[in-house]
There are 2 protein chains.
Amino acid sequence: MSDNREILLRCALDLFSARGYDAVGVQEIVAAAGVTKPTLYHYFGSKRGMLEVVLDTHFLPFERRLAGATTYTGDLTLSLRRVAEAFFRLAQSTPAFYRLHVALYLSPPESEPRQIVSPFYARQHLLLATLFELATADHGNMRGRHARYALTWRGMVDSYVMAMLDGYLAYSEGMIFDLVHQFSHGIYS
Amino acid sequence: MSDNREILLRCALDLFSARGYDAVGVQEIVAAAGVTKPTLYHYFGSKRGMLEVVLDTHFLPFERRLAGATTYTGDLTLSLRRVAEAFFRLAQSTPAFYRLHVALYLSPPESEPRQIVSPFYARQHLLLATLFELATADHGNMRGRHARYALTWRGMVDSYVMAMLDGYLAYSEGMIFDLVHQFSHGIYS
DNA sequence: TACTTTGTATACCGAGTGGTATAATACCCG
DNA sequence: CGGGTATTATACCACTCGGTATACAAAGTA
């Protein structure tokens, strides 16, 4: 029975997301999971390895969904809506993981956690950038800005998601509309 | 001679921003500063106190500038430009501090560092939200959205600033124009 | 000159860190 | 049943953590 593996993963995610990767010790994780250290090291090899598995478990399925959402069909608005939906679904199914990965991504560049998430973010950025690049065929004014749009789009989605997780915004169908609309047409319309 | 105080502050900022508050020990800070621990504890009382002073020294002057930039004169575009300028100037004068405060703000809600920055962000959010609220007098369509606009505006500014600090965007006069334009009118115009 | 205040170093504290050597248990497969 | 394999616990490692008691030196102040 490798039940303990899943329990450990859940406890690690909760603790990391609540108090930060560096601030949480392995002692604390195994205590929360009701096991002892060798169990953790048996499954994950190291504290770092544990974080890597946490990221894999949640990000890999998400990236498959994101890849589906970023296929360009000639309707950029539709794609953006699907992308936003993918992010919101991730946030709603596992809020703790969303908090964690955002915190990790914006942690210092030389820090260990940041180096672990970076490849995931790079892949996701590529998906978004490709979407905007393909869309320039139909929206000439966007030419040469696909990287920046990928960056700011993700930034705005994360702003919305974090505001929702912090209780400043209530989730609704219309929220994704508003988000896409604000990104597409700005605040004046 | 309280030279050592300033040296300690500089070293702490550099280390915190490079590797994270939790990952850096006081030992390391005093070693970098070329002093010993009692010196640090003489000036700052604790590691936490040290972070608080770092935030005060950089954020308080910034907030005064931000307060000036957020006074609404009937021209929202002008205000947004001035706000963006304030953030960019902060990022260019002390990039390490900008990285640090962004990382702190997005670190887990229950973590110590996050609780230390939160009041600063709350004040700054209030300044931005007030600007958007006053602007609704001239832009009725924005009514009831001032909090969200404050959130997303700050998010977009930070996206641009971080992209600049990471070398993905080169700073120029026109960049602030583009930033304000994207926020105001979206990506389609 | 005598006293206080400020600043700094030596040396130390208990607690906790990530990680492991060893061994016992439990399981599946022959 | 018997032998390997997977899983788990006890007990420990060297090291670092944030923080401090004590003492000493310099400088202002009476």
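Note on naming: letters A, B, ... go to the chains in the order of the sequence lines (proteins, then strands), and numbering restarts at 1 for each one. The analysis underlying the following values was restricted to heavy atoms, covering all of them including side chains, and did not include hydrogens, waters or symmetry mates. Since this is a predicted model, take the numbers as computed values, not measurements.
With hydrogens and angles ignored, the 3.5 Å screen pairs a side-chain donor or acceptor of R145(A) with a backbone N or O of N141(A). Panel note: side chain D166(A), backbone Y168(A); no donor-acceptor pair is recorded below 3.5 Å.
Each of N4(A), I7(A), D3(A) was compared with V35(A) under the side-chain contact (heavy atoms from CB on, under 4.5 Å) criterion, and only N4(A) meets it.
For R81(A) and F177(A), the positive end sits near the middle of the six-membered ring, less than 6.0 Å away and at most 45° from its axis.
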Per-nucleotide protein contact string for nucleotides 9-25 of chain D, where B marks a base within reach and S marks sugar-phosphate only (heavy atoms under 4.0 Å, - for neither): BB------SBBBB----
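For T94(B), the side-chain contact (heavy atoms from CB on, under 4.5 Å) test picks out H58(B), L90(B), F97(B), with sequence neighbours left out. Scored by the ring-ring contact (aromatic ring centres under 6.0 Å, His included) test, Y21(A) finds F16(A) as partners (sequence neighbours excluded).
Distance CZ (R5(B)) to P (dT6(C)): 14 Å, rounded to an integer number of Å. Separating the OH atom of Y43(A) from the P atom of dG19(C) is a distance of 19 Å, rounded to the nearest angstrom. As a whole-Å value, the separation of F44(A) CZ from dG18(C) P is 15 Å. Atom CG in L40(B) sits roughly 13 Å away from atom C1' in dG7(C) (whole-Å rounding). Atoms NE2 (H42(A)) and P (dG19(C)) sit 17 Å apart, rounded to a whole Å.
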